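Report on one structure; see the data block that follows.
FYI, side chains are in, hydrogens and waters are out, and symmetry mates aren't considered; it's all heavy atoms of this structure. For the single chain, residues carry numbers from 1 onward in sequence order. Only a predicted model underlies this, so the values are computations on that prediction, with no experimental measurement involved.
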Amino acid sequence: MSNAQKNGDTLLEVRDLKMHFPITRGIVIQRQVGAVKAVDGISMTINRGETLGLVGESGCGKSTAGRAILQLYKPTSGEVIFEGRDLTKLKGADMRRMRRDIQMIFQDPYASLNPRMTVGDIIAEPIEVHKLRQGKKAVRDRVQELLQVVGLNPYFINRYPHEFSGGQRQRIGIARALAVEPDFVVCDEPVSALDVSIQAQVINLLEDLQDQLGLTYLFIAHGLSVVKHISDRVAVMYLGKIVELADSEELYRQPLHPYTQALLSAVPIPDPQVEKKRQRIILQGDVPSPINPPPGCRFHTRCPIAIDICRVEEPAFVDYGGGHFAACHRAREVNELLPNQAAEADVPVKTGAPVA
Ligand code: SF4
């Protein structure tokens, strides 16, 4: 756990954030007939200097949540408090200033860089927009410095994105995000499009930059195997809601939600003896539609230990001690009913040696 987390210095707080996308019918007169509830009331805090992992299957709403926090989407309701100010209410110059403090690293290093611009121009653009350096030489010097910071040769400044590998392009994306000296970075599946061997390098780079620059990360990923190496705490999302949130080591040692158990059972165990013997929890059925989520607990249609109450009553998001939150009627029984094989194998956390 980072010192910042121990100090409890909150940098960002999300309060009951909802992001619903309306579904409309009609050509001349459009009327709303429903909504895709991509994010349906999430709350969390992120402490200065820590990394909060946000995990869930494709379509659970995690990337939408990241974009709504950044105000790339206008949230349907809720608050995003950053350094004491509600971002959902900012406009004009205040919003532009906020865009400097919060940056995003995108999933696809191929699509997120303009192929017609040189690397130098890509990284210089935010520096010039925010007037962070005066004069061409000062901007160029800063771009070369940033290339060095992310482990690229400064002489690459005049090259185009297609001349780089996937890992190098992601480093360029990181340099662009750092160009405005942000406090908080949303990393939206930054390694999922990369080769396994390159994933470790990019994650190690992000960790080094966090140590050097005091950055705070929201690290979004679809599996627990990647986030466990970089996160201080982890939030697990299912169908628009956070179902569990805990310190990383605690979450891996003693998950309190069956969905987290299922995700953990998919994490490779480095001990071949344990890996051979363990049983994966295979969830039945598909993720239900976010247009019409199931009543009660949203996970009940796929939960291996669902009981009657789960189908009618939504479980509260309860702190079971030490900041370990879970939304499950059977949270106290989960570890007896579904053995946690990852804990048995004593999978290390935050070792700096990530796997796929
Ligand atoms: Fe499963 Fe019920 Fe817990 Fe939901 S509340 S995760 S259905 S046991």
request  = Flag yes if I174 and I102 sit in one hydrophobic cluster, no otherwise; membership is Ile, Leu, Val, Met, Phe, Trp, Tyr, and two members link when side-chain heavy atoms are under 4.5 Å apart.
outcome  = no
request  = Could you tell me whether a side-chain N or O of D94 sits under 3.5 Å from a main-chain N or O of L90, the two making a donor and an acceptor?
outcome  = no
message = Tell me every residue that passes side chain to side chain donor-acceptor pair (under 3.5 Å) with K137, counting only those two or more places apart in sequence or in another chain.
response = D141
ask   = Are N292 and S289 linked by a side-chain donor-acceptor pair shorter than 3.5 Å?
value = no
query = Excluding sequence neighbours, so at least two apart, what forms ring pair (Phe, Tyr, Trp, His ring centres under 6.0 Å) with Y238?
reply = Y259, F299
request  = Determine, using the 4.5 Å side-chain heavy-atom cutoff (strictly less than), whether L205 and L113 are members of one ILVMFWY cluster.
outcome  = yes
message = Test of understanding: with side chain to side chain contact (heavy atoms under 4.5 Å, CB included), list the residues that count as partners of K37, not counting sequence neighbours.
response = H20, D40, P293
query = Pairs in or reaching into residues 144-171: which pass salt bridge (Lys or Arg N to Asp or Glu O under 4.0 Å), with residues at least two apart or in two chains?
reply = R142-E145
Output side-chain donor-acceptor pairs under 3.5 Å for residues 148-156, partner residues at least two apart or in another chain, one line each.
unit_1, atom_1, unit_2, atom_2, d
N153, OD1, Y155, N, 2.9

message = Can you tell me if R96 has over 12 outside heavy atoms packed within less than 6.0 Å of its CZ?
response = no
query = Just by modelled atom types, is the T10 backbone N or O under 3.5 Å from a matching donor or acceptor in the T45 side chain?
reply = no
message = Using a 3.5 Å distance criterion without hydrogens, assess whether the side chain of Y252 forms a donor-acceptor pair with backbone atoms of L224.
response = yes
query = To the nearest 0.5 Å, what is the distance between CG (L206) and CD1 (I203)?
reply = 7.5 Å
note = Closest non-hydrogen atoms of S43 and I242, given as atom of the first, atom of the second and distance, are O-CD1, 4.0 Å
Enumerate donor-acceptor pairs with a distance under 3.5 Å from any side-chain N or O in residues 324-337 to protein atoms, sequence neighbours excluded.
unit_1, atom_1, unit_2, atom_2, d
H324, ND1, E250, OE2, 2.8
H324, NE2, E244, OE2, 2.6
H329, NE2, E313, O, 2.7
R330, NE, E333, OE2, 3.3
R330, NH1, I305, O, 2.8
R330, NH2, E333, OE1, 3.1
N335, ND2, P255, O, 2.7

remark   = OH of Y160 to CD1 of I122, rounded to nearest 0.5 Å, is 9.5 Å
message = Does this structure show an ion pair linking E57 with R302, if we count only N-O contacts that are shorter than 4.0 Å?
response = yes
query = Just by distance, do the side chain of S231 and the backbone of V234 share a donor-acceptor pair under 3.5 Å?
reply = no
Non-neighbouring partners of F21 that pass ring pair (Phe, Tyr, Trp, His ring centres under 6.0 Å), sequence neighbours left out = Y73
ask   = Can you list the residues that meet the side chain to side chain donor-acceptor pair (under 3.5 Å) rule with D108, with sequence neighbours excluded?
value = none
task = Would you name the heavy atoms of P258 and L338 that are closest together and state the gap between them?
result = CB-CD1, 3.9 Å
inquiry  = Tell me if a side-chain donor or acceptor on S248 pairs with a main-chain N or O of D232 at a distance below 3.5 Å.
reply    = yes
inquiry  = Please check this pair: side chain of Q170 against backbone of G167, looking for a donor-acceptor N/O pair closer than 3.5 Å.
reply    = no
note = Looking only at heavy atoms, the pair that brings L147 and I123 closest together is CD2-CD1, 3.7 Å
ask   = Do E13 and R15 sit within salt-bridge range, that is, some charged N less than 4.0 Å from a carboxylate O?
value = yes
remark   = Heavy-atom nearest pair, G240 first then I42, reads O-CG2, 3.6 Å
task = Please round to the nearest 0.5 Å and tell me the distance separating atom CG of L11 and atom OG1 of T216.
result = 4.5 Å
request  = Go through the structure and list residues passing side chain to side chain donor-acceptor pair (under 3.5 Å) with T88, not counting sequence neighbours.
outcome  = D86
note = Taken in chain and number order and not counting sequence neighbours, the residues that satisfy side chain to side chain donor-acceptor pair (under 3.5 Å) with T64 are none
remark   = dist R298:CZ -> C303:SG (nearest 0.5 Å) comes out at 15.5 Å
inquiry  = Can you list, by chain and residue number, the hydrophobic cluster partners of V318 when the side-chain cut-off is 4.5 Å?
reply    = L256, Y320
message = Using a 3.5 Å distance criterion without hydrogens, assess whether the side chain of K62 forms a donor-acceptor pair with backbone atoms of G56.
response = yes
request  = Indicate yes or no for a side-chain donor-acceptor contact from E79 to the backbone of I81 under 3.5 Å, with no hydrogens or angles considered.
outcome  = no
message = Hydrophobic clusters here meaning ILVMFWY residues chained together by side-chain heavy-atom distances under 4.5 Å, can you tell me if V180 and F106 are in one?
response = no
query = Quick check: does any side chain N or O of Q103 sit under 3.5 Å from a backbone N or O of R99, one acting as donor and the other as acceptor?
reply = yes
Which pairs would a plain distance check flag for residues 181-194, meaning a side-chain donor or acceptor within less than 3.5 Å of a matching protein atom at least two apart in sequence or in another chain?
unit_1, atom_1, unit_2, atom_2, d
D188, OD1, S63, OG, 2.8
D188, OD2, S63, OG, 3.4
D188, OD2, R67, NH1, 2.8
E189, OE1, S192, OG, 3.3
E189, OE1, H222, ND1, 3.0
S192, OG, Q107, NE2, 3.2
S192, OG, E189, O, 3.3

ask   = What distance separates M44 CE from L218 CG, expressed to the nearest 0.5 Å?
value = 5.0 Å
